[in-house]
Asks: 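Provided herewith is a single structure, encoded as structure tokens, for subsequent inquiry.
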Amino acid sequence: MDFKDKIIDWYRIYHRELPWRNTTDPYKIWLSEIILQQTRVKQGLPYYLKFSEAFPTIIDFANASEDYVLKLWEGLGYYSRARNMHKTANHIVDKLGAEFPKSYADLIQLKGIGDYTASAISSFSANEVHAVVDGNVFRVLSRIYGISTPIDSSLGKKEFKNLASELICSNNPGLFNQSIMEFGAIQCTPKNPKCESCPFEDSCIAFAKNQTDVLPIKKNAIKQRTRYFEYLILINENQTIIKKRTEKDIWQNLFDFPLIENPSPKSEEQIIEQLNQIITTSFKVASVTAPIKHILSHQKLWVRFWKLMVPDLVIFKNKDLIVSFEDIDEYAFPKVVDNYLSIHELE
DNA sequence: AAACCGGGGCT
DNA sequence: AGCCCAGGTTT
């Protein structure tokens with residue numbers, strides 16, 4: 001029995017039931033695929049249900065504001081996915097007659113869709129023969145075939161794409177693609193793969209050589225930057241100041257508070273010095289949090305929140321927005337800010 | 001080719 | 001603490 005039959009047989013027995021399977025609607029598949037980019041099924045599932053309900057069709061999606069799309073996306077991370085989805089929804093409605101593309105050639109031209117996502121949607125919705133190569137496929141193939149080419153090199157991407165394209169079941173490419181990814185997610189896991197109950201136990205090169213813990217190979221070594229954020233929660237009666245992050249930085253188009261960023265850690269006394277320079281009116285420090293560590297994939301943030309009572313709210317920049325406490329949950333905030341707001345009642 | 005872009009869960 | 005997740009875009 002060859003690779004494709006083994007992997008599909010495994011899938012028929014062990015796969016999970018998920019709401020975006022059993023449909024060939026490319027719109028619904030697109031929703032699920034974008035949400036699941038670099039995101040585990042367990043984390044993405046509630047967002048898929050939320051988006052499906054809020055936007056039953058591509059037209060509903062396009063009619064929404066970007067701010068509302070980001071509000072629904074709040075907490076999921078990699079917010080460019082939401083911004084690109086909104087642009088793509090409008091493009092499809094305005095330029096493609098609201099008909100969601102099904103072919104790889106058309107899909108690959110859309111914002112936010114690369115080789116993986118175009119292969120996934122076209123194979124699931126139209127049975128086009130395009131092999132998906134995601135993190136699961138890299139892992140499964142590198143182990144079973146004993147391939148040590150780094151998966152984050154251009155040569156590696158080409159090599160694994162070619163191999164997956166040779167192995168794919170041309171009669172049912174969608175089922176094959178689902179199968180190999182599900183196999184990677186459930187059986188051939190990154191840590192502690194279930195090799196003792198694996199249908200490839202007799203043929204897997206990594207298992208034979210005891211190399212499952214080193215394959216797949218990554219060149220990796222991403223260095224991350226440390227930043228120090230002091231958020232100013234300026235309060236007058238039942239109002240505060242927020243601003244939209246329009247600059248080219250993390251959390252683009254989300255909202256947060258007036259921010260002092262320092263290149264090195266500062267004491268509370270030093271921050272109060274800075275506050276005296278910036279805030280022209282009198283103010284009283286009602287509370288300050290201990291530094292909160294917030295890890296991103298490429299940055300380490302130390303975040304403090306300063307609750308400051310002021311006699312009136314002075315606009316620092318024209319991006320600033322005065323909002324009352326009861327309206328604040330209309331806006332999309334980064335997780336670390338949202339966490340603060342849910343713990344500390346503003347009053 | 002390398003850097004950038006979140007947040008969560010597992011080990 | 002380190003790694004990885006149904007990746008893609010920008011530099």
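Residue numbers start from 1 in every chain, and the chains themselves are labelled A, B, ... in the order their sequence lines are given, proteins ahead of strands.
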Asks: Tell me whether A/Lys50 forms a cation-pi arrangement with A/Tyr47, defined as NZ or CZ under 6.0 Å from the six-membered ring centre and within 45 degrees of its axis.
Replies: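 Judged by the rule (NZ or CZ under 6.0 Å from the ring centre, within 45° of its axis), A/Lys50 counts as positioned above A/Tyr47.
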Asks: Do A/Ser103 and A/Asp106 pair up side chain to side chain, a donor and an acceptor below 3.5 Å, judged on atom types alone?
Replies: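 A pair is found: one side chain offers a donor N or O, the other an acceptor, under 3.5 Å apart.
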Asks: At less than 4.0 Å, is any side-chain N or O atom of A/His298 found next to OP1 or OP2 of B/dC5? Yes or no.
Replies: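 Yes, such a contact exists.
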Asks: Identify whether any heavy atom of A/Arg83 sits under 4.0 Å from a base atom; if not, whether one sits that close to sugar-phosphate; answer base, sugar-phosphate or nothing.
Replies: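 Nothing, no nucleic acid heavy atom in range.
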Asks: Mark yes or no for a side-chain to base donor-acceptor pair under 3.5 Å between A/Arg225 and B/dA3, with no hydrogen or angle criteria applied.
Replies: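 Per atom types, no contact qualifies.
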Asks: Please figure out whether A/Ile250 or A/Leu155 has its closest DNA chain B nucleotide nearer the 5' end.
Replies: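 By nearest-heavy-atom nucleotide position, the 5'-most residue is A/Leu155.
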Asks: Under 4.0 Å from OP1 or OP2 of B/dC5: is there any side-chain N or O of A/Gln299 that close?
Replies: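 Checking B/dC5 against A/Gln299, a side-chain N or O does come within under 4.0 Å of OP1 or OP2.
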Asks: Pull out every protein N or O sitting under 3.5 Å from an N or O of nucleotides 7-11 of chain B, one pair per line with the distance.
Replies:
residue : atom : partner  : partner atom : Å
B/dG7   : OP1  : A/Tyr79  : OH           : 2.9
B/dG7   : OP1  : A/Lys335 : N            : 2.9
B/dG7   : OP2  : A/Trp251 : NE1          : 3.4
B/dG7   : OP2  : A/His294 : NE2          : 2.6
B/dG7   : O3'  : A/Gly75  : O            : 3.4
B/dG7   : N2   : A/Gln43  : OE1          : 3.4

Asks: How is A/Asp152 classified with respect to the nucleic acid when contacts are heavy atoms under 4.0 Å: base, sugar-phosphate, or nothing?
Replies: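 Answer is nothing: A/Asp152 stays at 4.0 Å or more from every strand.
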Asks: Is the distance from OP1 or OP2 of C/dG8 to the nearest side-chain N or O of A/Thr117 less than 4.0 Å?
Replies: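 For C/dG8, OP1/OP2 do have a side-chain N/O of A/Thr117 under 4.0 Å.
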Asks: In residues 122-135 of chain A, what residues come within less than 4.0 Å of DNA chain C, judged by heavy atoms?
Replies: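 Output list: A/Asp134, A/Gly135.
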Asks: Under 4.0 Å, counting only non-hydrogen atoms across every strand here, what does A/Asp249 touch: a base, just sugar-phosphate, or nothing?
Replies: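 Sugar-phosphate contact only - A/Asp249 comes under 4.0 Å of backbone atoms but never of a base.
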Asks: Identify whether any heavy atom of A/Lys300 sits under 4.0 Å from a base atom; if not, whether one sits that close to sugar-phosphate; answer base, sugar-phosphate or nothing.
Replies: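 Result for A/Lys300 = nothing.
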Asks: To the nearest angstrom, how far is A/Arg81 atom CZ from C/dG7 atom P?
Replies: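 Computing the A/Arg81:CZ to C/dG7:P distance gives 9 Å.
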Asks: What is the separation between atom CG on A/Asn136 and atom C1' on C/dC5, rounded to the nearest whole Å?
Replies: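 About 8 Å, once rounded to whole Å.
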Asks: Looking for any heavy atom pair under 4.0 Å, which part of the strands does A/Trp30 touch: base, sugar-phosphate only, or nothing?
Replies: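 The answer is nothing, as A/Trp30 stays clear of every strand by at least 4.0 Å.
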Asks: Tell me whether the side-chain N/O atoms of A/Lys111 come closer than 4.0 Å to OP1 or OP2 in C/dT10.
Replies: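 Looking at the OP1 and OP2 atoms of C/dT10, one of them is under 4.0 Å from a side-chain N or O of A/Lys111.
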Asks: Strictly by modelled atom types, are A/Asn238 and A/Ser324 linked by a side-chain donor-acceptor pair under 3.5 Å?
Replies: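 No - no donor-acceptor pair under 3.5 Å links their side chains.
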Asks: Nearest-nucleotide wise, let me know which of A/Lys248 and A/Gly114 is further upstream toward the 5' end of DNA chain C.
Replies: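 So the residue in question is A/Gly114.
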Asks: Does a side-chain N or O from A/Lys157 land closer than 4.0 Å to OP1 or OP2 of C/dG7, or not?
Replies: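 No, no such contact exists.
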Asks: Does A/Ser32 or A/Ile113 map to a spot on DNA chain C nearer the 5' end, using the closest nucleotide for each?
Replies: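 Result of the comparison: A/Ser32.
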Asks: Rounded to the nearest angstrom, tell me the gap between atom NZ in A/Lys219 and atom C1' in B/dA2.
Replies: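 Checked: the NZ to C1' distance equals 8 Å.
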Asks: Taking any heavy-atom pair under 4.0 Å as a contact, classify A/Glu182: base, sugar-phosphate, or nothing.
Replies: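 Counting heavy atoms under 4.0 Å across all strands, the contact made by A/Glu182 includes a base.
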Asks: Under the criterion side chain to side chain contact (heavy atoms under 4.5 Å, CB included), I'd like the reasoning laid out for A/Ile180 against A/Leu167: C-alpha separation, chi angles, the key distance, then a yes or no.
Replies: CA-CA 10 Å; A/Ile180 189 169; A/Leu167 296 172; 5.7 Å; no
Asks: Report the distance from atom CG of A/Leu107 to atom C1' of C/dG8, rounded to the nearest whole Å.
Replies: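 In whole Å, C/dG8 C1' and A/Leu107 CG are 15 Å from each other.
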